[in-house]
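In the text below, chain A, chain B and the rest are named by the order of the sequence lines, each starting its count at 1.
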Protein chains: 2
Amino acid sequence: MADTDHAFQPPARLRGLASWQANKVSTLGARLTAQRMPLSARADFAVLAALEEYGALSQAEIGRRLGLDRNDVSGILNRLESDRQVDRQADPANRRRNLVTVTAAGRRHLEELQQHADAVQAELLAGLDTAERRQLQSLLAKLLDSHKPQPA
Amino acid sequence: MADTDHAFQPPARLRGLASWQANKVSTLGARLTAQRMPLSARADFAVLAALEEYGALSQAEIGRRLGLDRNDVSGILNRLESDRQVDRQADPANRRRNLVTVTAAGRRHLEELQQHADAVQAELLAGLDTAERRQLQSLLAKLLDSHKPQPA
DNA sequence: TCGGCTATGTTGGGTGAGCCAACGTTGGCC
DNA sequence: GGCCAACGTTGGCTCACCCAACATAGCCGA
């Protein structure tokens with residue numbers, strides 16, 4: 001069993017790299033997510049969550065809050081708008097900006113996606129107990145906070 | 001300052017998702033990496049590390065150890081082989097398989113990439129102290145171990 | 001011995017994320 | 001009024017991940 005155990009182990013040089021570990025966890029999360037919904041729903045969830053928490057936002061603000069590029073935000077909003085989950089209208093106070101708001105359908109979709117997201121988290125973190133999960137999330141949060149100025 | 005502090009915060013629904021956090025850390029690592037080398041060097045590093053630690057491997061074994069698809073391994077090896085960092089020859093004992101080995105140039109390149117990788121880790125983990133770094137890496141390792149059967 | 005099954009490596013393609021460059025529009029500032 | 005910055009859009013590029021199909025080669029049981 002020790003044989004089969006170490007047979008598929010990644011090399012030590014990678015197991016020690018936090019960036020490699022994080023990348024693997026990330027694609028693991030993507031795999032689990034893809035089993036429940038189209039992968040593009042991840043971006044939808046992020047945008048809807050931002051609008052639900054902060055109210056009307058311009059596209060540039062959405063991008064800054066989520067760490068996304070302006071053009072990517074544009075594409076996501078096109079999809080969401082054609083599904084009537086989001087409302088996009090010119091800001092009368094500043095005609096450069098589009099004020100984006102969630103619709104009732106968008107809120108419903110957001111809650112639905114939250115269910116799937118919670119299920120994915122449970123699956124992803126299945127190997128950790130409650131204390132370890134909180135520890136991991138808090139360490140990741142601290143790491144991300146320390147890189148605040150990350151304007152994608 | 002509290003105003004500017006919360007101005008670019010991601011929504012709480014995302015801050016609580018371990019998969020979202022891991023994804024952000026992963027792209028952060030990719031960004032830091034890209035500042036020092038072409039991004040494709042990450043795959044090169046992984047393959048070279050596997051060959052250096054485990055000796056001659058078939059392409060399928062490389063893929064299983066690193067969580068990569070067979071076709072992607074193929075492409076990476078084409079690049080490495082044309083750079084003379086890797087040797088690919090038919091296994092006499094099983095002519096379906098290619099036995100892949102690192103060359104001296106490959107080992108040199110691996111050490112060089114390791115330097116850059118270490119620098120990236122230092123930058124990525126700058127916000128955590130030594131104990132927190134070890135804790136984070138061990139939690140990520142435990143999480144990945146709990147998902148062992150992940151044959152990409 | 002032969003037929004089916006699996007493993008291997010290759011090619012080609014498809015999607016999504018992340019990023020950069022360019023453009024026209026609009027606002028703010030001197 | 002003129003310059004610079006911000007905004008949204010379009011188009012394009014690279015990379016990671018994944019799926020399908022194919023030909024070759026080993027395995028194993030009938």
Side-chain angles (χ1 to χ4, degrees), chain A residues 7 19-20 22-35 37-47 56-64 66-81 86 88-100 150-152, chain B residues 19-20 22-35 37-47 56-81 86 88-100 150-152:
Chain A
S19 62
W20 183 85
N23 181 51
K24 283 307 170 189
V25 172
S26 174
T27 76
L28 238 172
R31 275 209 271 262
L32 296 176
T33 302
Q35 293 176 1
M37 40 181 160
L39 258 184
S40 60
R42 291 191 301 173
D44 297 4
F45 178 71
V47 169
L57 293 176
S58 76
Q59 304 187 187
E61 284 169 337
I62 294 173
R64 279 189 291 265
L66 301 179
L68 300 176
D69 237 41
R70 297 203 301 277
N71 38 15
D72 297 320
V73 174
S74 217
I76 297 167
L77 288 181
N78 286 340
R79 182 172 55 236
L80 289 176
E81 192 181 26
V86 128
R88 184 153 48 165
Q89 49 188 352
D91 184 347
N94 185 344
R95 299 212 316 284
R96 284 178 302 183
R97 322 166 90 225
N98 284 340
L99 276 188
V100 186
Q150 37 166 333
Chain B
S19 62
W20 183 84
N23 181 51
K24 282 307 170 190
V25 172
S26 174
T27 75
L28 238 171
R31 277 209 270 262
L32 296 175
T33 302
Q35 293 176 1
M37 38 181 161
L39 259 184
S40 59
R42 290 191 302 171
D44 298 3
F45 179 72
V47 170
L57 292 177
S58 75
Q59 305 186 187
E61 283 168 338
I62 294 174
R64 279 189 289 265
R65 279 221 166 73
L66 301 178
L68 299 176
D69 238 40
R70 296 202 303 276
N71 40 11
D72 297 320
V73 174
S74 216
I76 297 167
L77 288 181
N78 286 340
R79 182 173 56 236
L80 288 176
E81 191 181 28
V86 128
R88 183 153 49 164
Q89 48 188 351
D91 184 347
N94 186 342
R95 300 211 316 283
R96 284 178 302 183
R97 321 167 91 227
N98 284 338
L99 276 188
V100 186
Q150 39 169 327

Are any of Arg64(A)'s side-chain N or O atoms less than 4.0 Å away from OP1 or OP2 of dC7(D)?
yes
How long is the line joining CD of Gln89(B) and P of dT8(C), in whole Å?
18 Å
Residue-phosphate contact under 4.0 Å: Gln59(B) side-chain N/O, dT10(C) OP1/OP2:
yes
What's the CD1-P distance between Ile76(A) and dG16(C), to the nearest Å?
11 Å
Just how far, in rounded Å, is C1' of dG8(D) from CG of Leu99(A)?
13 Å
What is the distance from CD1 of Ile62(A) to C1' of dG8(D), rounded to the nearest Å?
12 Å
Identify the heavy atoms of Ala56(B) and Leu99(B) that sit nearest to each other, and give their distance.
CB-CD2, 4.3 Å
Given dC7(D), dT10(C), dT8(C), the nucleotide with the shortest approach to the side chain of Arg70(A):
dC7(D)
Is any side-chain nitrogen or oxygen of Ser74(B) closer than 4.0 Å to OP1 or OP2 of dT10(C)?
yes
If you compare every side-chain N and O of Asn98(B) against the phosphate oxygens of dT10(C) (OP1, OP2), does one of them come in below 4.0 Å?
yes
Just to confirm, is there a sub-4.0 Å distance from OP1 or OP2 of dC19(C) to any side-chain nitrogen or oxygen of Arg31(B)?
yes
Heavy-atom pair of closest approach, residues Ala22(B) and Val25(A):
CB-CG1, 3.6 Å
Search all heavy atoms of Leu39(B) against all heavy atoms of Ala34(B) and return the closest pair with its distance.
CG-CB, 4.2 Å
Return the nearest nucleotide to the side chain of Ala60(A); candidates are dC15(D), dG8(D), dG9(C).
dG8(D)
Per the side-chain hydrogen bond (donor to acceptor under 3.5 Å, both in side chains) rule, which among Arg88(B), Arg97(B), Arg64(B) passes with Gln59(B)?
Arg88(B)
Check whether any side-chain nitrogen or oxygen of Asn23(B) sits under 4.0 Å from OP1 or OP2 of dG18(C), and answer yes or no.
yes
Intermediate values then yes/no, side chain to side chain contact (heavy atoms under 4.5 Å, CB included), Ile76(B) and Leu68(B)
CA-CA 10 Å; Ile76(B) 297 167; Leu68(B) 299 176; 4.0 Å; yes
Please tell me which of the listed nucleotides, dC19(C), dC17(D), dT11(C), lies nearest to the side chain of Asp69(A)?
dC19(C)
For Gly63(A) versus Val73(A), what's the shortest heavy-atom pair and its separation?
CA-CG2, 3.7 Å
Which nucleotide in dT26(C), dC17(D), dG26(D) has an atom nearest any side-chain atom of Arg95(A)
dT26(C)
Asp91(B) CG to dT24(D) C1', straight-line distance once rounded to whole Å
15 Å
By salt bridge (charged side-chain N to carboxylate O under 4.0 Å, His left out), which residues pair with Arg95(B), not counting sequence neighbours?
none
Spacing of Glu81(B) atom CD relative to dT10(C) atom C1', expressed in whole Å
13 Å
For the student: nearest non-hydrogen atoms of Gly67(A) and Lys24(B), plus distance
O-NZ, 3.7 Å
If you find the nucleotide of DNA chain D closest to Pro92(B) and the one closest to Asn78(A), which residue's nucleotide is nearer the 5' end?
Asn78(A)
In whole Å, I'd like the distance from the CG atom of Leu77(B) to the C1' atom of dT8(C).
13 Å
Gap between atoms CD and C1', on Glu61(B) and dA7(C) respectively (whole Å):
12 Å
Can you name the atoms? Protein N/O to nucleotides 28-30 of chain C N/O, anything below 3.5 Å, with the distance.
none

If you compare all heavy atoms of Ala30(A) against all heavy atoms of Arg42(A), which two are closest, and at what distance to 0.1 Å?
CB-NH1, 3.8 Å
Looking at CD of Glu81(B) and CD of Gln89(B), how far apart are the two atoms once the value is rounded to the nearest 0.5 Å?
10.0 Å
Between Arg42(B) and dC17(D), does any side-chain N or O lie under 4.0 Å from OP1 or OP2?
no
Table of protein N/O atoms under 3.5 Å from nucleotides 12-14 of chain C N/O atoms:
from: dG12(C); atom 1: O6; to: Asn71(B); atom 2: ND2; distance (Å): 2.9

